[in-house]
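Computed over heavy atoms, backbone and side chain alike; hydrogens, waters and symmetry mates excluded. One-based numbering along the sequence shown. Numbering of ligands and ligand atoms starts at 1, following listing order.
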Amino acid sequence: MAVASVAAALLAALGGALWLAARRFSGPRNQRQQGGGDPGLMHGKTVLITGANSGLGRATAAELLRLGARVIMGCRDRARAEEAAGQLRQELCQAGGAGPDGTDGQLVVKELDLASLRSVRAFCQELLQEEPRLDVLINNAGVFHCPYTKTEDGFEMQFGVNHLGHFLLTNLLLGLLKSSAPSRIVVVSSKLYKYGEINFEDLNSEQSYNKSFCYSRSKLANILFTRELARRLEGTNVTVNVLHPGIVRTNLGRHIHIPLLARPLFNLVSWAFFKTPLEGAQTSIYLACSPDVEGVSGRYFGDCKEEELLPKAMDESVARKLWDISEVMVGILK
Ligand SMILES: NC(=O)c1ccc[n+]([C@@H]2O[C@H](COP(=O)([O-])OP(=O)(O)OC[C@H]3O[C@@H](n4cnc5c(N)ncnc54)[C@H](O)[C@@H]3O)[C@@H](O)[C@H]2O)c1
């Protein structure tokens, strides 16, 4: 009886997955995947993407390169980033973009470990010396559901990388973004922000650690950061917007343990239900280059459309307090 129920459940899941797969390959989601936009749209623009060697960051880089942008990949692991950059150059050549020599300057790899404030500072120092302009900054890198670990500076890893590392990076690059205006900052958050709370008493999770809660908190911090930054940037022609990409088939969930027997079913479900990285990257690409959002700032987007936020993500006093505390944590001198 039990075997029959499991078999029926598996068959139902398989049937559902196949039905969804059929819709995927005939529906509008697949049209987005083919990429759109004028190949010269981003010509002359320099874009920095954090965590650009995999998943959403890699897909965003590929599309912005195709649109003519010069892309700087800010990556923790140089070897992996160089490998990804080699593939991106090849893909661009095959798609009829510039030849291998021509893409050399169009795609730059730089080491950036957001779990180390020293690395963030060194990265920015080099970038400010070498780059005359920065048109778009995409804060994309992230960690999810990792066991309790600390960054080099002693911060809980998810809050440290997802929020504090990007907080320092953005602040150190603001001068260049302002001098390159009109320019844009794009922040990749997650719908899971809804389950987070900013507990100022224990931002470092010393008293208790819950992987899911800490990820959600870091993503709520991304949104509060965006809203406070947008307020501070009024009148500068530098805009900042935040997004959720949906559920995307990437390696982000590498820390989640899925029992061996359940993996085939998980793979099937993710193949049928989850977005591809290129589909998931559409909102980042839209916010980075669409004329529709020229001058729009401090908003939250999903599927290239503005969405409403819960009141906790719009609380200005919490956003200001988080900003002030983050400044102290990363050691920004006023
Ligand atoms: N995949 C999803 O379903 C999903 C859903 C919502 C939000 N997001 C967000 O999208 C963003 C991209 O994630 P992804 O799904 O492409 O996953 P991914 O694991 O493929 O990419 C994450 C990137 O961040 C980089 N990174 C991690 N720690 C770093 C550090 N200390 N310094 C520098 N880089 C570091 C990784 O090397 C990797 O390149 C993340 O911010 C994530 O929170 C993803």
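Taking a cut-off of under 4.0 Å to the non-hydrogen atoms of Ile247, the atoms of ligand 1 that pass are 3 (O). Residue contact check: Asn53 has heavy atoms under 4.0 Å from atoms 37 (O), 39 (O) of ligand 1. Counting atoms of ligand 1 from 1 in the listed order, those under 4.0 Å from a heavy atom of Ser190 are 6 (C), 7 (C). Residue contact check: Ala115 has heavy atoms under 4.0 Å from atoms 31 (N) of ligand 1. Using a 4.0 Å cut-off to heavy atoms of Asp113, the atoms of ligand 1 that qualify are 30 (C), 31 (N), 32 (N). Applying the 4.0 Å criterion to heavy atoms of Leu112 picks out, from ligand 1, the atoms 32 (N), 33 (C).
Contact annotation for Asn140 and ligand 1: heavy atoms of both the backbone and the side chain come within less than 4.0 Å of the ligand. Contacts of Pro245 with ligand 1, taken as heavy-atom pairs under 4.0 Å, involve the side chain alone. Proximity of Val248 to ligand 1, defined as any heavy-atom pair under 4.0 Å, is shared by backbone and side chain alike. Only the side chain of Arg254 comes within 4.0 Å of ligand 1, judged by heavy-atom distances. Heavy atoms of Thr250 found under 4.0 angstrom from ligand 1 belong exclusively to the side chain.
For Arg227 and Glu316, the salt-bridge test fails: no basic side-chain N is under 4.0 Å from an acidic carboxylate O. Salt bridge status for Glu206 with Lys150: present, with a side-chain N to carboxylate O gap under 4.0 Å. Remark: Lys321 does not engage Glu228 in a salt bridge, criterion side-chain N to carboxylate O under 4.0 Å. Arg66 and Glu63 are joined by a salt bridge, as a carboxylate oxygen and a charged side-chain nitrogen come within less than 4.0 angstrom of each other. The residues Asp202 and Arg217 are annotated as not salt-bridged, no charged nitrogen and carboxylate oxygen being separated by less than 4.0 angstrom. Salt-bridge check for Arg249 with Glu279: failed, with every basic side-chain N at 4.0 Å or more from each acidic carboxylate O.
A continuous path of Ile, Leu, Val, Met, Phe, Trp and Tyr side chains, each step under 4.5 Å between heavy atoms, connects Leu233 with Met314, placing both in one hydrophobic cluster. Connection of Val328 to Val318 is not established within any shared hydrophobic cluster, with ILVMFWY side chains joined at heavy-atom distances below 4.5 Å, either directly or through further cluster members.
Here the two rings, on Tyr215 and Phe159, have centers that are 6.0 Å apart or farther. Tyr195 and Phe213 have their aromatic ring centers separated by at least 6.0 angstrom.
Ligand 1 has no atom lying under 4.0 Å from any heavy atom of Lys275. Not a single heavy atom of Phe274 sits under 4.0 Å from any atom of ligand 1. Judged by the shortest distance from any of its heavy atoms, Ala59 lies outside the 4.0 Å radius around the atoms of ligand 1. In this structure, Lys219 is part of the shell of residues with a heavy atom less than 4.0 angstrom from ligand 1. For Gly246, the heavy-atom gap to ligand 1 drops under 4.0 angstrom. Residue contact annotation: Thr50 has no non-hydrogen atom under 4.0 Å from ligand 1.
The single protein non-hydrogen atom nearest to atom 44 (C) of ligand 1 is Leu252 CD2, 3.5 Å, given as residue, atom name and distance. Given atom 7 (C) of ligand 1, the protein heavy atom at minimum distance is Ser189 O, 3.2 Å. Looking only at protein heavy atoms, the nearest one to atom 32 (N) of ligand 1 is Leu114 N, 2.8 Å. Looking only at heavy atoms of the protein, atom 16 (O) of ligand 1 is closest to Leu56 N, 2.8 Å. The shortest contact between atom 37 (O) of ligand 1 and any protein heavy atom is with Arg76 NH2, 3.2 Å. The single protein non-hydrogen atom nearest to atom 34 (N) of ligand 1 is Ala141 CB, 3.7 Å, given as residue, atom name and distance. With hydrogens left out, the protein atom closest to atom 9 (C) of ligand 1 is Val188 CG1, 3.7 Å, a heavy atom. Looking from atom 22 (C) of ligand 1 to the surrounding protein, the closest heavy atom is Gly142 O, 3.7 Å.
At least one donor-acceptor pair closer than 3.5 Å links the side chain of Ser183 to the backbone N or O of Leu177.
For atom 21 (O) of ligand 1, the candidate residues are Gly51, Ser54, Gly55, Ala81; the nearest heavy-atom contact is made by Ser54.
In this structure, a donor-acceptor pair under 3.5 Å is present between the side chains of Glu152 and Ser116. With 3.5 Å as the limit, one finds a donor-acceptor pair spanning the side chains of Ser218 and Asn162. Using modelled atom types and a 3.5 Å distance limit, the side chains of Gln158 and Tyr209 yield a donor-acceptor pair. Side-chain contact annotation: Thr170 with Asn139, donor-acceptor N/O pair under 3.5 Å present.
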